[in-house]
Amino acid sequence: MAQPDNQSKRFFESLSGAGKSIAVLTSGGDAQGMNAAVRAVVRMGIYVGAKVYFIREGYQGMVDGGEENIKEASWESVSSMLQMGGTVIGSARCKEFRSHEGRLKAAHNLVQRGITNLCVIGGDGSLTGANLFREEWSGLLEELVQQGGEWGCSFSKCCLGFYFVCKHMILSNAIFSLAHLSFSHQRTFVLEVMGRHCGYLALVSALACGADWVLIPEMPPEDGWEEKMCQKLSANRAGMKRLNIIIVAEGAIDCNNKPITTDHVKDLVVRCLGFDTRVTILGHVQRGGTPSAFDRILASRMGVEAVIALLETTANTPACVVSLCGNQAVRLPLMECVQMTQEVQKAMDEKKFEEAVKLRGRSFENNLKTYKLLAHRKLESELPHSNFNIAVLNVGAPAAGMNAAVRSAVRVGISEGHKMFAVNDGFEGFYKGQIKEIKWADVGGWTGQGGSLLGTKRTLPAKHVEKIAEQMRAHNINALLVIGGFEAYLGLMELLEARGKYDEFCVPMVMVPATVSNNVPGSDLSIGADTALNAITDTCDRIKQSASGTKRRVFIIETMGGYCGYLASVGGLAAGADAAYIYEEPFDIRDLQSNVEHLTEKMKGAIQRGLVLRNENSNENYTTDFIYQLYSEEGRGVFDCRKNVLGHMQQGGAPSPFDRNFGTKISAKAMLWLTKKMNETFRQGRVFANTEDTCCLLGMRRRALVFQPVVQLKDETDFVHRIPKEQWWLKLRPLMKILAKYKTSYDVSDSGQLEHVVRNIQPKESDPSGAM
């Protein structure tokens with residue numbers, strides 16, 4: 001997609017909030033990340049000169065009014081909110097707002113304070129309420145005038161709903177804890193998760209933990225499901241699997257619309273199999289806890305986008321919902337979103353369950369397809385016939401989520417009828433012959449494990465291509481899947497170059513990016529980066545907490561990433577940092593001095609702590625020690641300093657739910673692509689692929705997963721510093737500065753385009769990889 005030139009770029013400095021008043025409320029059930037959204041709306045609103053008001057206790061506070069319920073917010077009032085779960089301004093379900101009289105009271109309270117814009121943070125019910133209020137607004141104003149009021153307010157009637165589903169971290173961690181317990185006692189656990197009308201949480205959790213069975217309202221099981229489920233559990237236990245997990249959405253039903261309860265599932269397992277079975281209802285545990293890094297970044301981006309939308313609104317602008325599509329913030333018409341939700345429920349009521357799944361969106365449908373592909377093993381007689389052998393290996397530093405990607409590749413490959421081979425210790429193990437066939441059961445339980453169970457090395461193949469070619473020939477390898485970071489990218493290029501000398505490398509090859517540094521060209525995101533961000537965010541939270549008692553303290557934190565500043569920048573946004581020093585944005589002593597002065601001024605107010613992140617290779621002279629000593633000297637008498645080098649703790653730990661699911665889905669898509677390419681290039685009894693488009697990197701580009709020939713990525717790569725020449729996340733850096741109260745410029749050229757809800761009801765695609 002072409003980037004706008006400087007003349008067509010729009011900057012938010014041209015937007016003014018002067019004379020506008022924005023009210024923000026959180027409604028319905030609480031969710032992690034709500035506070036981050038509130039913080040972003042308040043600070044961005046104040047930054048542009050608007051007045052911002054809290055409406056406490058959701059729509060109930062808007063109806064009740066009064067100084068306690070509708071109160072002007074200040075910059076300091078949203079400090080220390082990022083790491084808090086729930087919503088500090090309260091949320092309540094309001095029956096009175098459902099009546100016309102209640103909405104009339106709410107309108108009166110808003111107009112009385114001159115509030116011109118409303119930002120609603122919530123879910124389906126909140127969207128419905130906002131939509132109704134917006135439709136009635138003109139009529140409500142007329143009623144107020146008829147009652148004798150003099151209302152001179154021109155309300156811009158733009159209600160924004162943020163639909164956050166931010167419960168994955170708590171849910172998956174709870175399941176992971178139960179997994180360890182199941183390993184110890186050889187038990188079966190039946191878990192009930194939230195989702196009266198939507199099975200999203202149950203589905204993504206099942207995908208993230210490799211559950212044996214999942215029951216969701218959108219896709220009820222067919223008649224006879226009880227026997228099939230018990231057969232699968234029995235087969236897994238016979239295969240020495242000590243862990244059985246069944247996930248049930250609270251709204252799960254069978255094909256006759258009869259509820260399926262956890263107790264029913266437990267009794268079934270005990271009666272038919274005699275397994276020791278326990279029921280766990282997670283309940284409101286899913287709503288609590290600290291928000292993940294992803295939820296904080298998502299909430300901050302959407303909060304800022306909401307304020308920009310409110311500043312750009314006119315009397316003719318339709319109410320809209322701010323959402324995220326792929327990696328892009330988008331605006332969708334509120335009425336279309338409400339209508340889509342209603343259509344999903346209607347399809348379910350009419351037992352049109354396949355249509356309901358499609359109406360949930362492409363992401364939901366893909367999650368369901370991927371889960372079915374990986375969780376349910378076909379019988380040998382049902383597998384397609386294939387004589388192809390595929391090798392999978394990890395290359396470079398370990399990254400959380402690699403094992404989930406390998407598991408996905410192995411099981412999809414076997415489902416496609418291929419024979420799968422695992423290569424230990426990367427290219428080094430490849431030329432040494434550390435290759436063995438890997439079966440379906442061999443990768444059981446891999447999803448939640450960190451590191452690389454295959455083993456990984458940074459060794460490049462160029463010096464060993466002859467021996468690697470021998471191993472390819474010996475094992476009749478027809479395709480390669482390489483999972484790794486920048487070394488994997490370089491290695492694939494070297495294998496591509498070796499095609500001219502060795503026919504063994506004339507096979508389809510694809511790379512899946514997996515590195516905490518997120519520095520692979522051709523992909524906005526890499527497996528492992530989200531887990532590393534969570535490690536950074538958690539550490540920063542603890543460090544900031546330690547400063548709450550001592551006051552007047554600034555922490556200097558060094559992050560990994562090589563020359564790529566992704567972890568420092570995005571981690572800084574998630575942790576609420578005051579500054580983040582990176583290689584991509586050069587800085588000098590004047591910038592350091594300016595940051596010290598900013599922190600000195602900050603210490604005079606109510607927020608008496610500071611957090612500064614530094615990428616490990618941001619500058620060879622301005623080291624972490626240098627910055628620490630400079631801050632200590634220049635801040636003497638005002639604040640003191642501490643430093644912390646996070647090191648390899650950013651690479652360790654169990655993968656986050658995001659990395660598990662991302663690794664699972666991207667690897668599955670890569671395997672389907674390899675299958676397609678092997679079939680296309682099979683001739684005269686062998687696979688022969690020597691074109692550029694048969695050696696690709698599969699990466700996330702803006703809104704889609706895209707296969708890109710590695711040759712075409714050369715021009716996008718800074719090989720000296722091992723980073724892409726252009727990086728999307730640099731556009732997020734101004735957000736961190738704005739929310740830290742720095743004067744800066746922010747490009748909003750990508751904002752402002754109102755899109756439409758796409759109904760994903762299409763005929764089946766002939767290309768199986770397109771379904772992923």
Side-chain angles (χ1 to χ4, degrees), residues 27-32 91 93 122-129 163-168 170-172 174-175 178 189-209 211-226 228-229 245-269 279-288 337-361 363-369 371-372 375 657 661 760:
S27 174
D30 56 338
Q32 300 98 320
S91 178
R93 303 187 190 278
D124 280 351
S126 307
L127 289 181
T128 304
Y163 187 59
F164 288 134
V165 183
C166 308
K167 308 175 181 76
H168 310 126
I170 298 295
L171 191 54
S172 291
I175 295 172
L178 288 177
F189 277 94
V190 184
L191 278 78
E192 181 183 287
V193 302
M194 287 183 169
R196 286 193 308 277
H197 306 293
C198 179
Y200 177 79
L201 280 180
L203 181 57
V204 295
S205 300
L207 199 59
C209 72
D212 297 89
W213 205 267
V214 63
L215 295 160
I216 59 175
E218 292 88 349
M219 188 55 68
E222 299 174 353
D223 288 332
W225 65 271
E226 296 94 339
K228 291 180 181 178
M229 184 185 74
I245 289 181
I246 302 165
I247 298 179
V248 184
E250 60 180 329
I253 54 174
D254 62 18
C255 56
N256 298 311
N257 279 344
K258 182 181 177 182
I260 300 176
T261 66
T262 50
D263 286 334
H264 172 67
V265 175
K266 176 195 172 184
D267 293 342
L268 178 68
V269 175
V279 169
T280 299
I281 299 176
L282 295 179
H284 283 73
V285 168
Q286 298 158 80
R287 291 194 186 276
C337 293
V338 173
Q339 184 181 358
M340 178 65 79
T341 301
Q342 294 170 344
E343 287 182 13
V344 173
Q345 190 59 51
K346 181 182 177 184
M348 291 168 62
D349 293 340
E350 296 175 354
K351 297 186 179 181
K352 298 178 181 178
F353 296 112
E354 289 190 7
E355 182 178 331
V357 168
K358 290 181 179 295
L359 287 169
R360 283 285 183 216
S363 176
F364 187 94
E365 185 181 15
N366 291 345
N367 283 336
L368 184 58
K369 287 179 179 178
Y371 174 76
K372 288 180 177 179
N661 286 347
N760 185 31

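Distance CD/Q339 to NZ/K346: 9.5 Å, rounded to 0.5 Å. Between L203 atom CG and K372 atom NZ the span is 9.5 Å, to the nearest 0.5 Å. Put simply, CD on Q342 and CG on D349 are 11.5 Å apart, with the number rounded to the nearest 0.5 Å. Put simply, CG on L359 and CE on M348 are 11.0 Å apart, with the number rounded to the nearest 0.5 Å. The CE atom of M194 lies 11.0 Å from the CD1 atom of I281; values are rounded to the nearest 0.5 Å.
M229 has its side chain within reach of V265: a pair of non-hydrogen atoms, C-beta onward, lies under 4.5 Å apart. Put simply, the side chain of W225 reaches to within 4.5 Å of the side chain of L215, judged on heavy atoms. At least one side-chain heavy atom of I245 sits under 4.5 Å from a side-chain heavy atom of L191.
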- Task: Determine, step by step, whether E192 and V279 satisfy the side-chain contact (heavy atoms from CB on, under 4.5 Å) criterion, reporting the C-alpha distance in whole Å, the side-chain angles of both residues, the deciding distance to 0.1 Å, and the verdict.
- Result: CA-CA 8 Å; E192 181 183 287; V279 169; 6.0 Å; no
- Does the side-chain contact (heavy atoms from CB on, under 4.5 Å) test come out yes or no for C209 and I247, once each step is laid out? CA-CA 10 Å; C209 72; I247 298 179; 4.0 Å; yes
- Item | F364/I216 under side-chain contact (heavy atoms from CB on, under 4.5 Å): CA gap, chis, key distance, verdict | CA-CA 12 Å; F364 187 94; I216 59 175; 4.0 Å; yes
- Query: Given V248 and V190, is the side-chain contact (heavy atoms from CB on, under 4.5 Å) satisfied, shown in steps?
  - Reply: CA-CA 7 Å; V248 184; V190 184; 4.0 Å; yes
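Of all heavy-atom pairs between A375 and A211, the closest is CB-O, 4.1 Å. The shortest heavy-atom contact between G251 and P217 is O-CB, 3.4 Å.
F353 meets the ring-ring contact (aromatic ring centres under 6.0 Å, His included) test with no other residue; sequence neighbours excluded. Every side chain to side chain donor-acceptor pair (under 3.5 Å) that K352 has, sequence neighbours left out, goes to E350.
The backbone N or O of G195 sits less than 3.5 Å from a side-chain atom of E250, completing a donor-acceptor pair. No side-chain donor-acceptor contact under 3.5 Å links Y200 to the backbone of R360. Listed for the Y371 side chain is no donor-acceptor partner under 3.5 Å among the backbone atoms of V204. Using modelled atom types, no side-chain atom of Q345 and backbone atom of H197 make a donor-acceptor pair closer than 3.5 Å.
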Side-chain donor-acceptor contacts of residues 256-263 below 3.5 Å, not counting sequence neighbours, with atom names and distances?
residue, atom, partner, partner atom, Å
T261, OG1, H264, N, 3.1

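Remark: E354 does not engage K358 in a salt bridge, criterion side-chain N to carboxylate O under 4.0 Å.
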